[in-house]
Amino acid sequence: MLSSIEKVVFVIVALIALGVSFHGFWMIVFTVRQGRPAPELKNIPGSLLRAAWRVLLQQTIFRARPALSAVHLALFFGLITYAFVNLFDVLEGFVAGFDLTYGGRHMTAIFLPSGVVNAFNLISDLMSGALLVAIVVFLVRRFGVRDRRLQFREQVLLHPKVRAGAQHTDSLIVGVFVIMHVTAHLLTQAFRLTEGPDPFMPLASLLNAWLGPSEVGMHVAWWVSLGWVLFILAYIPPSKHTHFFLAPINLGLAKQTPRGQLDPAIPLKVIQGQTFEPGAKHIYDLAWTRLLDAYACVQCNRCQDVCPAHAYGRPLSPAALEVNKRYLLKDATFGGRLQVLQQPLTETAISPEAVWSCTTCYACVRVCPVGNEPMADIVDIRRRLIVDGAPLDSGVQSALQSLATNGNWMGKSKRLRGRWAKEMDFPIKNALEEPVEYLWFVGDTASFDERVIPNTKMTARVFYQAGLDFGILYQHESNAGNDVRRVGEEGLFEQLVERNLQVFGQAQFQRIVTTDPHSLNTLKNEYPQFGGAFEVKHYTAVLVKLFEEGRLKVKKPLDHYKVTFHDPCYLGRYNGGFAAPRRLLNLLGVEFHEMPRNCENSFCCGAGGGQIWMSKVAPGERPAENRIREALSTLEKFPNGKKQLFIVTCPKDMIMYSDAVKTTGSEGRIEVRDLIQLVAEAIGIEEAQVVAIAA
Amino acid sequence: MNIVVVLKHIPSVADELPVRGNQVDFDSVDFVLNEWDEQSLEQAALIKEALGGTVTAIGVDVIGELDNLLHLALAKGADRAVKIAADDAGADSHRQAKWLSEAIRPMAPDLVLVGVQASNDIDGQLGPLLAAYLDLPYIGVVSSIEVQDGTALMNKEFAGGFGARYSVRLPFVAGVQVAPKPPRYAPVSKIRQIAQTAKIEVLEPSGEADSGLVFRKVAPPVVSGHAEMIEGSPKEIAARLVALLKERGLA
């Protein structure tokens, strides 16, 4: 089809475009390699293949925004189809006698069965339509209805180019590309139809009926269609649309360690001669896999949607962090502005206030379709701020100081840790003095907080009644360090781990049980790295077992309660403990209703990652208040006069939500109870109802 | 600038103080850094940052665990750590002041900072006694010390909400009430690193002094009497208050 001159021109332009594109990607590889060593990735080909499969199924994207995800699916398969479409367009241009119209009837160059050709023609024709619809939906969403989810709040730190709308320009360019490219391709095919409509090319035939065949038109449309492809190839590396190629790769190189295990503050594998400060001050202090995150991100802001700090009105947007990283790297790679890399991340990527508002709930990482870990970056930034002696919230500072001296964050004496146990009317074993099956790791809140101690005692009573062989460490237990690590105090975390492991070594037990999901998380996922691998169970799982073995029996079903259940981040999203609490609720016979945000998509109470220590309370609707309103609207859809309960399985939740019930003025409408209170009531422990938190 | 900061290791008030005989049972109580000493340490670090010089942290090691505090002081900016190995948990301010003065005199300090008081004796005497032994002036209840050309400017607090600004020529002893900034946080990794490498100078207590006071009996305060909670509408509460005040002859 093409003349010899056209062919020469195309080859030259194509070589230039591919050269520019290749150089761009090579620069990205070079930039990403500047990052720190990442935790070792195992079986990379295998995980890349798995990622490819998940991308093909569009699995990860359907975790949120189902309607828009369907549009993305159309766009994705449209562009995949177009990879072949473009290949065949080039063949049609370059190979005389290569003609796919009419089932390849006029094909003289390469023989393809007409069934295959017709199928391909139909798919590509329909996909052209799908692509046009999808891109128009996306453009209307961004520029027409201006979906607020694509925007950032005023107080969020943004790279000046992002603030000026560079992302939108990127989107517009790609939007125009898709429309022009697809339309031009359809026109090429339409002008090619010299013998009337082809039933396997309905859209092209429609255009053909209107415009008729045209040799000149065909050449012009071909050049527009393929010219755009060459332009876009060269344009992609510095744009946010590296997403097309790097998202699947990033997904394949995503975190392989358990969700509940933070990367070390200093890379474990250090190339000889290299020394590292803990955590991250500059962008190249981040692991290379987390630099790649920024290139995989297409800036959809799903992480911002699910972020409790963002919902609370704090200046944190995990999306903005990734976007800022992207623009910083772009400044360095394509803008030659290397000096921006010498500025601290807290000035260029995320404000200190945003760094300190993260609850480490993992919702952002969980929801990200491309496997990004903005939360891990935040923890790394905190680590360096602590080491560098940056100003700390006074509440966090006194919590840390108390943890260092007393082993608990409440400023209480070690000796008071086991006081609740001494007040029971049955003896509680000291696991350091006699062997026990279950070592109960009680945790700070359950040991010291007057509001939670009644539940701790109730748990002990239920365990005792079931004949569970358990003991505690009394004053020898120290805070497990989960939140200490997440607030960035790695040294103190290590010290706490050492103290606990030393005590564990002196005790005789088979497994650990805890009511505290935060302790559970670090004991289970992080202690093994320090030489302490134990079986760690949440009390809800132990209770299920006790019921199944008949050691606990429901004496009076609790059908007078209508309840909803809050998944604690560190039990649910981090450790998959969704089933046990629900199984218990089912066994107890309560009327149970699920909140819209449940299980993996549960909404953080706002206490994690050290937030509970903060002395300053920001204005706005706190996450716990937001959650109580969600619970009320869930339960009040079923008016039946039953008592409405908000069930928790985490000591911190007891405090956060009891407080939120009061601050939202919801007393009398809903009551917060620990699951153990329901269990105790159902198995016939008398004082079970009495221990609700006193107002 | 040659600054000496005195650290006092005292029983923690987070504990309920156990009593044995006529003294606190020092074996079953945690010892912590006196909270006012955190302020004087921060003040010393700030002066050093502004003017240069050295900060020496010194304390009487009353239970053999002062090293932890000295490591903390080094992590927060002290350059030198000295302990007086006394092993005398009940050593009062008089005895400690004597020992400290003997140790500090050869250091020829420009400035000696102590916490204005400590929550064990609560007599605020360590500073004045130390100054007397060293034959230096003393000024207490001060905040925001700034040093310029051999003179220090500072605020001093008086009862009744009054304050004054003082200018004192170096050297002298100051009892610090509060530093201009909240005490900094020392990351544990840094403290641990220092603990492995730091050299702590050990001195023997020298000199004798005594307050002359003898404990006759130590006991927790006896709870007596109860608060009466007045309930009712604001009017009723006000009427009851007036009646009570009249009844007791206060109005």
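Because the structure is predicted, anything quoted here is derived from the model rather than measured. Convention: sequence-line order gives letters A, B, ...; per-chain numbering from 1. Below, each value reflects all heavy atoms present in this structure, side chains not excepted, and no hydrogens, waters or symmetry copies.
For A/Gln495, the parts lying under 4.5 angstrom from a heavy atom of chain B are both the backbone and the side chain. Using a 4.5 Å cut-off between heavy atoms, A/Leu392 contacts chain B through its side chain alone, with no backbone atom that close.
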Donor-acceptor pairs under 3.5 angstrom involving side-chain atoms of residues 80-88 of chain B: please list them, not counting sequence neighbours.
residue	atom	partner	partner atom	Å
B/Arg80	NE	B/Glu201	OE1	3.4
B/Arg80	NE	B/Glu201	OE2	2.9
B/Arg80	NH2	B/Glu201	OE1	3.0
B/Lys83	NZ	B/Asp67	OD1	2.8
B/Asp88	OD1	B/Gly90	N	3.3
B/Asp88	OD1	B/Ala91	N	3.3
B/Asp88	OD2	B/Arg95	NH1	2.6

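Interface summary for chain B: among A/Val396, A/Asp388, A/Leu400, A/Thr405, the most heavy-atom pairs under 4.5 angstrom belong to A/Leu400.
Considering OG of B/Ser12 and NZ of A/Lys414, their distance stands at 10.0 Å, rounded to 0.5 Å. One finds the CD atom of A/Glu494 at 8.0 Å from the OG atom of B/Ser189 (value rounded to the nearest 0.5 Å). One finds the CD1 atom of A/Ile386 at 13.0 Å from the NZ atom of B/Lys190 (value rounded to the nearest 0.5 Å).
For B/Gln193, the CD atom is loosely surrounded, since the number of other residues' heavy atoms within 6.0 Å does not exceed 12. At most 12 heavy atoms of other shown residues, nucleotides or ligands fall within 6.0 angstrom of atom CD in B/Glu231. Around CD of B/Gln148, the count of heavy atoms belonging to other residues, nucleotides or ligands within 6.0 Å does not exceed 12. Atom CZ of B/Phe162 has 12 or fewer heavy atoms from other residues, nucleotides or ligands within 6.0 Å.
Identified under the salt bridge (charged side-chain N to carboxylate O under 4.0 Å, His left out) test for residues 31-44 of chain B, with sequence neighbours left out: B/Glu42-B/Arg184.
Between A/Gln397 and B/Tyr185, the closest heavy-atom pair is NE2-N, 3.5 Å.
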### Task
Evaluate side-chain contact (heavy atoms from CB on, under 4.5 Å) for A/Arg415 paired with B/Asp30, printing each intermediate quantity in order.
CA-CA 9 Å; A/Arg415 269 174 283 274; B/Asp30 290 332; 3.2 Å; yes
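At distances below 3.5 Å, not a single donor-acceptor pair connects side-chain atoms of A/Glu489 with backbone N or O atoms of B/Pro187.
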